[in-house]
Amino acid sequence: MAIIPINIKEGTLKLEEYIVGIDLGTTNSLVAIIDRLTGKPIAIAGHNAEVIVPSIVYLNPNGEILIGHQAKPFLLNDPANTIFSVKRLMGKTYSDVDTNGSVLGYKLIDDNSESLIKIKSGGKFYTPIELSAFILKELKNRAEKQLGAKIVKAVITVPAYFNDAQRQATRDAGKLADLDVLRIVNEPTAASLAYGLGLDPSETKTIAVYDLGGGTFDISILKIHQGIFEVLSTHGNTQLGGDDFDNAIVRHWLDIYIELREEAQMHSLILQKLRLLAEEAKKHLSSAMNFETDLIIEKMSISLKLSRLDFEKLIKPLVDQTIASCKHAMKDASLSHSEIDEIIMVGGSTRIQFVQDEVKQFFNKSVLNTSLNPDEVVALGAAVEADILAGNRKDILLVDVTPLSLGIETLGSLMDVIIPRNSKVPQRAARQYTTSVDGQSTLRICIYQGERDNISHNRKLGEFFLSGIPGMPAGMPKIEITFMLDADGILKVRAKELRSQVEQHIEVKPQYGLSDKELEQMLLDSLVHAKEDMSYRSLKEAITEAQNLCYATQNFIKKNKEELSEFELEKTGIYIEHLKTAISIEDKDQILKAHDELNDFTKSYAERLMDKAIVMALKGKTIEDN
Ligand code: AMP
């Protein structure tokens, strides 16, 4: 049923503003809104009464583009032009997905000039952003038709482990679909919101979100405190889901029905048919104990059977893998089972009783949050977030935190953190820097993400140059670097020389994907290497300081040669050489010793010259005038 808002006073159709919540999934996508009558989130159905839009795009060579259910049949009939699982490619380069590429029916293109991946179909190239935009447009059209309103604003969900590049790509897809993306929300956060968790600012809870869909599995452990959702840990498997259960059933049938195996080897279509029947059996067994159907192929009819017990035996090794991931996530979050308050079940495969039982057993809980439709729960939560952003729930403020520190490279390849990890998002922070060389007119600013002191162990997000700095002695320019991390976790960096107001900025669109595994590894590494990092940092800082002292002393001598004795010049030269040798062998103790020697020796005459300069200045003269 279409909901058409009418402005009774004016007797006109009232074009109300709706902000929709969108779950842009790997296999399926959905759009949801808050029902004005009940105040509850609802998923919006299409003309076929289905709320799910399969995330499939068919690019017909004649130029027509089909989405969702209409595109699905072409997975078999025209796989080269039928794009599925495009979410896996968002914000990624060819090398990121090299291994995956082979299982996709369509062609990936690496044209070398573009670092981001492209997909070839019918002589044209498409980016994952464009393809996702087709799906978003379909969802937008569906919502507009059903609501009789124009949709311009949306909240879109992404997995908790999506990095900046993947979030930015999702945001860009929204833009391309003519949607103003107000916020990118983590999927487990959205699922929690759908269950009303996090809406009460006085509530503190630790929850687990177990998300088992058609092709992927994710477990996320979140802490909710004062409306802030902190992702404590995530784990999962991007190649594990309900499709694997279907395949296990197919293999089982091929094992026990020999005649079927022989037929299947000759006709590949039989396998497709079997896969569909396997899915039917699986779904049936979520509520029944036995499944039976007749498969008719050419001259024979086979009665296919499967009991729930057999099914459970078949999927046990796969479900065990998800439980192993849960174990990992709990360990990473340093939590015991008793500290988990709720377990939210997301994804169609969590309808399977055996899956629910195993999860209950692992977390030692008698109940799970399963009252909402597991296919819809993420979209419903996105709609709740949209409602909050629309200002309809003024008491609630949703905040996320940034999982890794953000900073820039400073002298000595050191990471200088500007926004520390776990800072609330949105966040703005600034720091002042200066130049290290006289007359330096350009400064290179390299942005990194990570926890290590040596930037080579962190992840480079981008770089830019602040050029046009007016000629000034080293140390004079005041360069302010500001990091602005918006609510979606997208970073804008601005560099400004405050004396001259010269300014430059970039929006960081990192080119390489960062998986949840890598993220965890980066955090783990920072702990393991903490001691080593500290000594690296102190050595690099000592080197930088020593280099600055050499540079400043040499400059001073050049300018004030006439004022210094032979002895002072000679001895200073020797001390500079000592210091340079210590720097070259990177021996921190020697550097510090040589640094102090040079500093102590030059101090006496530096003070003498300084005093003289002051006297001269009082007389209105400079030393050079003398
Ligand atoms: P999702 O990716 O969350 O949409 O989940 C889709 C997966 O859920 C597919 O593998 C479906 O076969 C599976 N699924 C949907 N309904 C059921 C059900 N009643 N029992 C078991 N699996 C189901």
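Both counts, for ligands and for their atoms, begin at 1 and track the order of listing.
- Looking only at heavy atoms of the protein, atom 11 (C) of ligand 1 is closest to Glu279 OE2, 3.3 Å.
- Heavy-atom separations between Ser349 and ligand 1 include at least one value shorter than 4.0 Å.
- In this structure, Arg36 satisfies the cation-pi test against Tyr18, with its NZ or CZ atom closer than 6.0 Å to the six-membered ring centre and inside 45 degrees of the ring normal.
- Counting heavy atoms only, Lys282 comes closest to atom 22 (N) of ligand 1 of the residues Arg351, Glu280, Lys282.
- The single protein non-hydrogen atom nearest to atom 3 (O) of ligand 1 is Gly348 N, 3.0 Å, given as residue, atom name and distance.
- In this structure, of Thr26, Asn28, Thr350, Asp23, the residue bringing a heavy atom nearest to atom 4 (O) of ligand 1 is Asn28.
- Protein heavy atom at the shortest distance from atom 20 (N) of ligand 1 is Ser286 OG, 2.8 Å.
- Against a heavy-atom cut-off of under 4.0 Å, Gly347 is close to the following atoms of ligand 1: 3 (O).
- Of the protein's heavy atoms, Gly214 N, 3.6 Å lies nearest to atom 6 (C) of ligand 1.
- Proximity of the aromatic rings of Phe217 and His235 is defined here by a centroid distance below 6.0 angstrom, and this criterion is not met.
- Side-chain N/O atoms of Gln361 and Asp357 include no donor and acceptor closer than 3.5 Å.
- Ring centroid separation for the pair Tyr210 and Phe363 does not come in under the 6.0 Å cut-off.
- Phe311 and Phe245 have perpendicular rings, their planes meeting at more than 60° on a 0 to 90° scale where under 30° would count as parallel.
- Atom numbering of ligand 1 starts at 1 in the shown order; those under 4.0 Å from a heavy atom of Gly242 are 10 (O).
- Under the 4.0 Å criterion applied to side-chain N and carboxylate O atoms, Asp375 and Arg351 are assigned as salt-bridge partners.
- Under a 4.0 Å criterion applied to the non-hydrogen atoms of Thr27, ligand 1 contributes the atoms 2 (O).
- A salt bridge does not link Lys72 to Glu50: none of the charged side-chain nitrogens sits closer than 4.0 Å to a carboxylate oxygen.
- Near Ile352, meaning under 4.0 Å from one of its heavy atoms, ligand 1 places the atoms 21 (C).
- Of all atoms in ligand 1, numbered sequentially from 1 with element shown, those under 4.0 Å from a heavy atom of Asp375 are 3 (O), 4 (O).
- Within 6.0 Å of atom NZ in Lys360, more than 12 heavy atoms from other residues, nucleotides or ligands are found, so the atom counts as buried in its surroundings.
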